[in-house]
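Data first, discussion second: the structure below is written as structure tokens.
Throughout, a chain's letter reflects where its sequence line sits, starting with A, and its residues are numbered from 1.
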Amino acid sequence: MKLSQSLLKNILESAIFASPSPLSVEELLSLFADEEKPTRQQIQTLIKELQNDYATRPLEVVEVASGYRFQVRAKFSPWISKMWQDKPPKLSRAMLETLAIIAYRQPVTRAEIEAIRGVVVSTQIIKALFDRDWIVVVGHREVPGRPALLATTREFLDAFSLKGLADLPPLAALRDLDTIEAELATTNRVEKE
Amino acid sequence: MKLSQSLLKNILESAIFASPSPLSVEELLSLFADEEKPTRQQIQTLIKELQNDYATRPLEVVEVASGYRFQVRAKFSPWISKMWQDKPPKLSRAMLETLAIIAYRQPVTRAEIEAIRGVVVSTQIIKALFDRDWIVVVGHREVPGRPALLATTREFLDAFSLKGLADLPPLAALRDLDTIEAELATTNRVEKE
Amino acid sequence: MTELVIDTPDDVLLDSQQALARVYDEFITQVPEDLYIPPDALAVFLEAFEGPLDLLLYLIRKQNLDILDIPIAEITRQYISYIELMQELNIDLAAEYLLMAALLAEIKSRLLLPKPKNPEAEEEDPRAELIRRLQEYERFKKAAEDLGDLPQEGRDIFLTHVEPPVRELLATEPFVGDFSLLLEAMRDVLQRAQLQKSHIIAEEGLSLEQRFREVLARLASGETVIFYELFTVKEGRIGVVVTFMAILELLKQKMIELVQESVFAPIYVREYRELA
């Protein structure tokens with residue numbers, strides 16, 4: 001069944017809005033089932049139309065290397081930027097915990113972080129930490145798979161106003177990790193969800 | 001200098017779009033310098049207007065616990081969901097039950113959850129809930145062991161599109177014990193081995 | 001929940017007259033008729049339940065009974081048959097299921113006791129507590145279903161992602177935060193580790209490589225450390241040995257150096273400094 005032009009345009013618009021990263025024409029095509037799939041040409045025409053529709057709006061559809069995305073027009077930046085000025089970007093709990101474990105346990109593999117946190121560490125988190133230059137790969141653990149060993153960087157220390165790793169508050173102040181692990185080992189039992 | 005209504009509306013619209021999390025009226029107010037600051041009333045009126053403007057668009061402005069956000073209308077979900085290779089993991093019954101007990105009974109300890117469910121609450125579940133930022137420790141019950149008191153967060157409400165705890169589906173009423181006892185007395189004679 | 005197959009293929013079941021299970025000193029040679037579920041399905045069946053209360057609710061609801069109106073003897077018999085059967089088939093059974101079986105048996109026996117004539121000594125109906133728990137559990141079971149039906153972000157609801165306006169400041173704006181954030185996160189990890197008794201962590205040996213980094217990190221800011229401060233007594237002999245080996249190796253690689261002002265003066269360790 002062919003979709004109407006207006007439905008098609010609405011789908012493209014929603015998809016570009018919903019995607020966390022820019023969408024290419026290929027990716028847009030992949031949203032449609034075979035029988036409803038538009039042509040590349042159609043998609044490009046509709047995106048042009050969208051760009052016109054948004055000409056008078058505070059957002060614009062821009063094309064970047066990896067595809068199309070919506071962006072707030074530069075003229076609003078004096079107000080929008082206040083959102084980032086007043087408060088530092090909020091780091092997610094999962095990210096902070098991952099970072100804390102790397103800081104205290106470095107060098108450490110992803111699997112080890114997961115063992116401590118008890119949940120899978122998402123690739124996004126690791127990537128975000130790399131993106132901020134807060135962590136680096138310092139080697140590989142010599143076990144099957146040679147997993148990367150992660151450690152924190154000087155940029156990490158700067159971001160958290162630390163002079164050196166020695167400035168990290170001793171974990172003992174919280175409670176010694178090893179003691180806890182020992183306790184855990186003894187109370188360790190199989191549990192299933 | 002007072003800003004024109006249309007500029008004001010454009011700023012609000014861009015801000016809600018650009019923010020990674022929902023924006024409250026307070027947060028929207030904080031974007032403006034003192035001399036240009038609109039009233040809360042003005043902001044609320046403009047957001048109502050925005051909601052009307054979007055009535056025929058594929059997006060909508062909705063209010064959740066932590067403020068206003070844009071979201072794609074449900075009718076486009078069939079296409080949008082194709083962008084993600086794997087569906088988000090379905091919440092298990094165990095997780096939903098645990099979450100429900102925390103949501104309706106907060107603050108609550110893990111032991112109290114276990115008492116209601118009649119089974120041990122797996123560590124995985126509690127961790128997964130923490131990891132999604134859906135629950136937090138809000139204190140400790142002053143009993144031996146000082147167990148952590150768990151409560152739900154704004155992020156939990158946002159994730160389920162709720163404005164507040166009052167929006168949770170109503171919990172079924174409990175028939176009180178006196179009634180139960182009375183009824184038991186009458187049904188007792190039916191009991192036979 | 002899917003309705004279970006309750007067919008009874010007798011030939012499959014009774015290839016011998018061997019007892020399948022023992023319930024109250026009574027050998028069951030036949031699987032209770034309305035209960036029969038193929039062994040494979042039984043494991044699946046058990047997984048379908050969130051615990052003994054859930055299983056009990058299922059048994060009650062299956063017979064269209066009101067919670068307030070449970071025929072304890074009958075339900076107990078059914079429940080215990082399931083449990084015995086599962087044990088017989090070596091299906092892993094959580095302790096809670098057994099506890100419930102014991103509780104049911106106790107309630108049943110109390111109901112069978114003659115009622116005291118003296119009405120003042122009236123006891124609470126032994127079923128009351130169980131009914132209260134069943135009712136309470138059922139409310140939350142329903143609440144969980146309701147919660148699951150709400151539109152969920154990422155499943156039914158998709159949020160928009162719009163790039164903030166271009167602005168040089170945004171790109172260069174550094175993260176400002178202090179360490180208390182991290183510390184808090186770590187405290188939470190530890191707190192949860194305490195909360196969670198069943199956390200499994202593989203014993204991690206002391207690695208020389210890791211110790212290298214620790215020693216270097218300690219000296220990274222250029223500070224000079226008294227030799228013994230590099231050792232952690234708590235780690236025991238092995239820890240001390242590993243640290244010592246690390247120091248020796250780092251010395252050999254000219255990454256650190258030892259300084260001693262005079263004989264018997266304290267030994268200091270610092271990063272290796274190239275002499276000008």
Which residues in residues 158-169 of chain B have any heavy atom closer than 4.5 Å to a heavy atom of chain A?
none
What residues of residues 11-24 of chain A make heavy-atom contacts with chain B at a cutoff under 4.5 angstrom?
A:Ile11, A:Glu13, A:Ser14, A:Ala15, A:Phe17, A:Ala18, A:Ser19, A:Pro20, A:Leu23
d(B:Lys82 NZ, A:Leu28 CG) to nearest 0.5 Å is 12.5 Å
What are the residues of residues 45-59 of chain B, in order of number, with any heavy atom under 4.5 angstrom from a heavy atom of chain A?
B:Tyr54, B:Arg57, B:Pro58, B:Leu59
Please round to the nearest 0.5 Å and tell me the distance separating atom CD of A:Glu97 and atom CG of B:Asp131.
7.0 Å
For chain A, which residues of residues 69-79 of chain B have heavy atoms nearer than 4.5 angstrom:
B:Val72, B:Phe76, B:Trp79
